[in-house]
Number of protein chains: 2
Amino acid sequence: MLFRAKGFDAVSMDEVAKGAGVGPGTLYRHFTTKESLYDAVLEAWAEKVNTAVDQALSLDAPAREQLLKWLTDFAAMLTEHKGAAARITAALGDPGSPFAAKCQTYLGANQRVIDALDSALRPGVEAMQISRLVGGVAAVADNSDLPADSVASMLSIIVDGLLAA
Amino acid sequence: MLFRAKGFDAVSMDEVAKGAGVGPGTLYRHFTTKESLYDAVLEAWAEKVNTAVDQALSLDAPAREQLLKWLTDFAAMLTEHKGAAARITAALGDPGSPFAAKCQTYLGANQRVIDALDSALRPGVEAMQISRLVGGVAAVADNSDLPADSVASMLSIIVDGLLAA
DNA sequence: ACCTGAACACCGTTCAAGT
DNA sequence: ACCTGAACACCGTTCAAGT
């Protein structure tokens, strides 16, 4: 879709309307705002999250590797759509945001990881902290078009910080 | 100044012009773009960075505490102006950005910290990595208006990841 | 009922016209 | 030479008018 290629901010509602063969007014009868349209665009993609958690946790490897795999996938999924990472991360604490459902999915996924890895982790880590840390890295990677290995090296630092001392 | 209170995006060039008692055209004779005006606004504030490094490094405390103090100050300074953290962090790899000078200051400051703490740190850490990690946290904190202790707990995780295993 | 597309409010930026 | 402010291009969003 348009948003994936050019990014949320670079696609105007007129373009979307034209692409869909309708007037801009019709768009607004289906979606109250541009962000809620974007939320709908991200619908299917958000479902991949839990699959990624399953994969990472079923890895026959130490906690450090499982965690790194999950966070790498997480960051990659956030970066898949330009502009999504910053928006979703900003919405993490805001129940009124159009992305609220997506945020719950993410927080839930990170909670599952915390529950599974449990004793290997630093005591007291919260799903919200992980979500924000990785969301922040993803947003930076998105803004600066960072290569995968730059992202990996930053995530590696975070992973070490998340493991029990 | 206006930018500090309301944030970069919430202040229009017309407002700035009116506040300065000139027409918008005059503003553009002094600054080629809105971002370069913002860069000028941030001028004095950027000089605080090296002072903050000095203070942190002169602390009579273990490396962990010195690092945490510096990163906390760093993040606080980035969050001081709404919208600055994301912009400066995004500009870190872009020499053509209006914020390029500021980025050099930041990178230099983090390099000084790396040189000073040296053996206490994980081998191979780069100033760019620290700048982006903390810039990402600051941007998230800025977007979501996070309280200081939320920021502190995230920085603490990063600090642990930055220390030698 | 449903859709259209002109119109609105608001940007950053420019430039012909004034002094 | 320097400044002004109307004008331009482009947004997201609305709504009177058509079918």
Side-chain angles (χ1 to χ4, degrees), chain A residues 1-43 45 81-91 94-103 139 142-145, chain B residues 1-43 45 81-91 94-103 139 142-145:
Chain A
M1 159 65 127
L2 274 174
F3 281 126
R4 175 113 156 239
K6 316 214 303 174
F8 178 75
D9 292 313
V11 178
S12 73
M13 290 300 264
D14 275 2
E15 275 181 89
V16 177
K18 196 140 293 177
V22 299
T26 309
L27 232 48
Y28 279 88
R29 290 204 322 109
H30 292 287
F31 308 99
T32 53
T33 175
K34 193 186 180 187
E35 289 218 318
S36 79
L37 185 160
Y38 196 32
D39 182 65
V41 169
L42 297 178
E43 205 61 45
W45 157 82
H81 287 74
K82 245 199 166 327
R87 255 162 247 272
I88 293 178
T89 306
D94 173 17
S97 157
F99 303 112
K102 246 119 254 163
C103 291
D142 186 18
N143 279 335
S144 301
D145 280 313
Chain B
M1 160 68 129
L2 274 172
F3 281 126
R4 174 113 157 238
K6 314 215 303 177
F8 179 74
D9 291 314
V11 178
S12 74
M13 288 301 262
D14 275 0
E15 275 181 88
V16 177
K18 196 141 293 177
V22 298
T26 308
L27 232 50
Y28 279 88
R29 291 201 322 109
H30 292 287
F31 309 98
T32 53
T33 175
K34 192 187 181 187
E35 288 218 319
S36 79
L37 186 160
Y38 196 33
D39 182 64
V41 169
L42 297 179
E43 205 62 44
W45 157 81
H81 286 73
K82 246 202 166 326
R87 255 163 246 272
I88 293 179
T89 306
D94 173 16
S97 157
F99 302 112
K102 243 119 255 160
C103 292
D142 187 19
N143 279 336
S144 302
D145 279 312

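Just so it is clear, the structure is predicted and the values come from calculations on it, not from any experiment. By convention in this document, chain letters (A, B, ...) are assigned in the order of the sequence lines, proteins followed by strands, and residues within each chain are numbered from 1.
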When rounded to the nearest 0.5 Å, the distance separating CG of B:Asn143 from CG of A:Asp94 is 11.5 Å
So, is B:Thr33 near the phosphate of C:dT13, with a side-chain N or O under 4.0 Å from OP1 or OP2? yes
d(A:Ser12 OG, A:Lys6 NZ) to nearest 0.5 Å is 7.5 Å
Among C:dT4, D:dG5, C:dG5, the one nearest any side-chain atom of B:Pro24 is D:dG5
Could you check whether any side-chain heavy atom of A:Val41 comes within less than 4.5 Å of a side-chain heavy atom of A:Phe8, counting everything from C-beta outward? no
In whole angstrom, give the distance that lies between atom CD of B:Glu15 and atom P of C:dC11. 7 Å
Please state whether the rings of B:Phe99 and B:Tyr38 are parallel, tilted or perpendicular, taking 30° and 60° as the class boundaries. perpendicular
Which residue lies toward the 5' end of DNA chain D, B:Asp14 or B:His30, if each is placed at its nearest nucleotide? B:His30
Just the rounded figure in Å: distance from P of C:dG12 to CZ of B:Phe31. 15 Å
Quick one: on DNA chain C, does B:Thr26 or B:Lys34 contact a more 5' nucleotide (nearest heavy atom)? B:Lys34
Give the rounded distance in Å between these two atoms: OH of B:Tyr28 and P of D:dG5. 16 Å
Expressed in angstrom and rounded to an integer, what is the separation of B:Asp9 atom CG from C:dG12 atom P? 9 Å
Exactly one of A:Asp39, A:Asp9, A:Asp142 clears salt bridge (charged side-chain N to carboxylate O under 4.0 Å, His left out) with A:Arg87, and that residue is A:Asp9
Can you tell me the distance, in whole Å, between the NZ atom of B:Lys18 and the C1' atom of D:dG5? 10 Å
Among C:dT4, D:dC11, D:dT13, the nucleotide that comes nearest once only the side chain of A:Met13 is considered: D:dT13
Can you list the stems that include DNA chain C, where a stem is three or more consecutive Watson-Crick or G-U pairs with distances under 3.5 Å? C:4-8 with D:12-16, C:12-16 with D:4-8
Within this structure, what is the OG1-CE distance for the pair A:Thr33 and A:Met13, rounded to the nearest 0.5 Å? 7.0 Å
